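Structure first, commentary second.
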Number of protein chains: 2
Amino acid sequence: MQVAAIGLGSMGYGMAASALRAGHTVWGFDVNSAQKDKFRADGGADGSLADIAGSLDAAMVVVLNAAQTENVLFGDNGIVPKMKPGSVVLACATVAPEFARTMASRCAESSVLYLDAPISGGATKAAEGRLSIMASGNTESFAAARPLLDAIAETVFELGTAAGAGSAMKAVNQLLAGVHIAAMAEAMTFGMTQGVDAETFLDVIPKCAGTSWMLENRAPHIAKGDYTPLSSVNIWPKDLGIVLDIARNADFNAPITTAALQQFKAAADMGLGGEDDAAVAKVYARGAGLTLPGES
Amino acid sequence: MQVAAIGLGSMGYGMAASALRAGHTVWGFDVNSAQKDKFRADGGADGSLADIAGSLDAAMVVVLNAAQTENVLFGDNGIVPKMKPGSVVLACATVAPEFARTMASRCAESSVLYLDAPISGGATKAAEGRLSIMASGNTESFAAARPLLDAIAETVFELGTAAGAGSAMKAVNQLLAGVHIAAMAEAMTFGMTQGVDAETFLDVIPKCAGTSWMLENRAPHIAKGDYTPLSSVNIWPKDLGIVLDIARNADFNAPITTAALQQFKAAADMGLGGEDDAAVAKVYARGAGLTLPGES
């Protein structure tokens, strides 16, 4: 199949490479031309997006947010008006369900299919073609996207026949994931004020009722003092901001999410936006005068 | 060994029964005389606490909080002054580490050993003798308590040679457990406002990065509409209150814990204190005008 991979960040690059490995013809695009050149060197096809849009079977859009997604699809050089009938957009950014519904209906005006397909799993699984995808869309969209889904995903949750349901589940998951990272940081640093060191925390809590997937994944970064960004602090003001936008529109009060968002914003304000998201622990440590592992 | 089990609530009763099963002589005491009579009928020994205190090898104190613990040990009819040298107090309530240190040092004045031994695992595991215990104390305390620990616990975390470390770890675990229950309720009801029903939530989230031990344990209660109290809402204003008391004394800011505590307090204010702690979802549902599963 002829595929455009738009957005070659840590997730998008791995997904594009997985599609290549599966035998598809893949054009890679990114605002960062170095990423684009790298993908060409790795086997990506050659050609401008304007030139190849009409020949695409699928466009995989792995950009930062709703505004970038809309710009790729319907901006000045938007691809949807150039795409052929029956081709499919795989929209992977975390967006509001209402935005996904709007995009799907604007694509339908051009007879282009739209799969609401936010992704989960991190850069390593993206590179391995083993993502989880929270997908919703009509039967035709799933059918058209299937060869691409097979190449990039280990698990495809089929969440409904209309765009929006996938994005809703993604927002639910991000709410929990973000809160659990910040709660892990709160608990770990709270423990340090009481003499519970990071290693003892890691020995005990994963065996107790207080554990979470994110705790087990991220707490070791703090214990090692390694903030190499596997997933960065900057993800969370964005994703929890989307959650709270959706919540506000639904008159839903989400005080725990709000508190977690504030901690990630504080981390970004400390200049930690590019560090691993476990660096939210530094907000707590600074407030309490604690020295974290690896800090001098 | 000769054991007093003081406090025969859902946890204490199971622990006392486990000690009986292991062949120890166990006297059971509770402010609720029905519980005391039931334990006698189940094989408990006969005698008043004042009469038997001097013959005890161990006193297992499974009461609600620090004030009740102190009253049992050192109140008007406190047992510690009557206990023999080398006997041990197993203190199981969730308390501040500083309180545990004070109790240990007051016990030492009577040559009574003190094991800081908060418990985790719930009523079912208590009844099975399979609790987790977050224990700290000197070598003599562990040695004196060992036959009793063997009877009631599957896992004993040995967290240090002084009282306080066990209670510190318990506070860390309770912080996480309480936050994760409230976050689960926030995420699940948030999802409902976006068309994600409880069953779909349960199909997807436990396989994703947003999962937690508490989510997998408690979310099914909401999906079934069953709020039979396996662990009640009332636990959390107490336990998160202890966490925040400790935090305040350490000048530690815990905004996520604070937000979770408010939700449990709101649930208690709605008259839900005796329901299962998953009923904190009703706070969110009422605020958002949602109908939860099982509600008419």
Side-chain angles (χ1 to χ4, degrees), chain A residues 97 120-121 132 134 155 157 159-160 164-165 168-169 171-177 179-180 182-184 186-191 193-196 200-201 203-205 207-215 217 243 246-247 250-260 262-263 284 287-289, chain B residues 97 120-121 132 134 155 157 159-160 164-165 168-169 171-177 179-180 182-184 186-191 193-196 200-201 203-205 207-215 217 243 246-247 250-260 262-263 284 287-289:
Chain A
S120 175
S132 291
M134 300 176 176
T155 307
F157 296 107
L159 295 168
M169 187 64 84
V172 168
N173 189 61
Q174 293 308 88
L175 182 167
L176 288 161
V179 166
H180 291 170
M184 173 279 291
E186 184 163 311
M188 206 163 172
T189 50
F190 167 75
T193 70
Q194 303 303 306
V196 176
T200 309
F201 178 97
D203 285 345
V204 174
I205 298 295
K207 298 174 188 141
C208 295
T211 197
S212 72
W213 192 98
M214 276 297 181
L215 184 149
N217 190 269
V243 169
I246 299 168
D251 279 328
F252 182 84
N253 185 29
I256 299 174
T257 308
T258 303
Q262 287 305 320
Q263 298 304 96
Y284 291 96
Chain B
S120 175
S132 291
M134 299 175 177
T155 307
F157 296 105
L159 295 168
M169 187 64 85
V172 168
N173 189 61
Q174 293 307 89
L175 184 166
L176 287 161
V179 166
H180 291 171
M184 173 277 292
E186 184 163 308
M188 206 164 172
T189 51
F190 168 74
T193 71
Q194 303 303 308
V196 177
T200 309
F201 178 97
D203 285 345
V204 175
I205 298 295
K207 298 173 188 143
C208 295
T211 197
S212 72
W213 193 98
M214 277 296 181
L215 183 148
N217 190 268
V243 168
I246 299 169
D251 280 327
F252 182 85
N253 185 31
I256 300 175
T257 308
T258 303
Q262 288 306 319
Q263 298 306 95
Y284 291 96

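Computed from a prediction, not measured in an experiment: that's the story for all the values here. Every heavy atom of this structure was used, including side-chain atoms; hydrogens, water molecules and symmetry mates were not. Within every chain, numbering begins at 1; the chains are lettered A, B, ... in the order of the sequence lines, protein sequences first and strands thereafter.
- Here B:V204 is the residue among B:T189, B:T258, B:T257, B:V204 with the most heavy-atom pairs under 4.5 Å with chain A.
- Atom-to-atom distance recorded for A:Q263:CD and B:N253:CG is 6.5 Å, nearest 0.5 angstrom.
- In terms of heavy-atom proximity, B:M169 sits nearest to A:V196 at CE-CG1, 3.6 Å.
- In terms of heavy-atom proximity, A:A183 sits nearest to B:V179 at CB-CG1, 3.8 Å.
- For the options A:G195, A:A182, A:A254, A:A168, heavy-atom pairs under 4.5 Å to chain B are most numerous at A:A254.
- For A:D251, the part sitting under 4.5 Å from any heavy atom of chain B is the backbone (N, CA, C, O) and nothing else.
- Comparing B:G289, B:C208, B:A250 by how many heavy-atom pairs each has under 4.5 Å with chain A, the most go to B:C208.
- For A:M188, no part lies under 4.5 angstrom from a heavy atom of chain B.
- Listed here is the closest heavy atom pair of B:D203 and A:F157: O-CE2, 4.3 Å.
- When all heavy atoms of B:H180 and A:G210 are compared, the closest pair comes out as CE1-O, 3.2 Å.
- Between B:Y284 and A:F252, the ring-plane angle classifies as parallel under the 30° and 60° cut-offs.
- For A:A171, the side-chain contact (heavy atoms from CB on, under 4.5 Å) test picks out A:V243, A:I246, B:F190, with sequence neighbours left out.
- In this structure, chain B has no heavy atom under 4.5 Å from any part of A:T155.
- Two residues are said to be in side-chain contact when any heavy atoms from C-beta on lie closer than 4.5 Å; A:K207 and B:S132 fail this criterion.
- Two residues are said to be in side-chain contact when any heavy atoms from C-beta on lie closer than 4.5 Å; B:I205 and A:N173 meet this criterion.
- Of the listed residues (B:P97, B:S212, B:A247), the greatest number of heavy-atom pairs within a distance under 4.5 Å of chain A belongs to B:S212.
- Neither the backbone nor the side chain of B:Q262 comes within less than 4.5 Å of any heavy atom of chain A.
- Between B:L176 and A:A187, the shortest heavy-atom distance links the atoms CG-CB, 3.5 Å.
- Shown here for B:A259 and A:A259, the closest heavy-atom pair between the two residues is CB-CB, 4.3 Å.
- Residues B:E186 and A:P255 are in side-chain contact: their nearest non-hydrogen atoms beyond the backbone lie under 4.5 Å apart.
- With a 4.5 angstrom heavy-atom cutoff, A:I256 touches chain B via backbone and side-chain atoms both.
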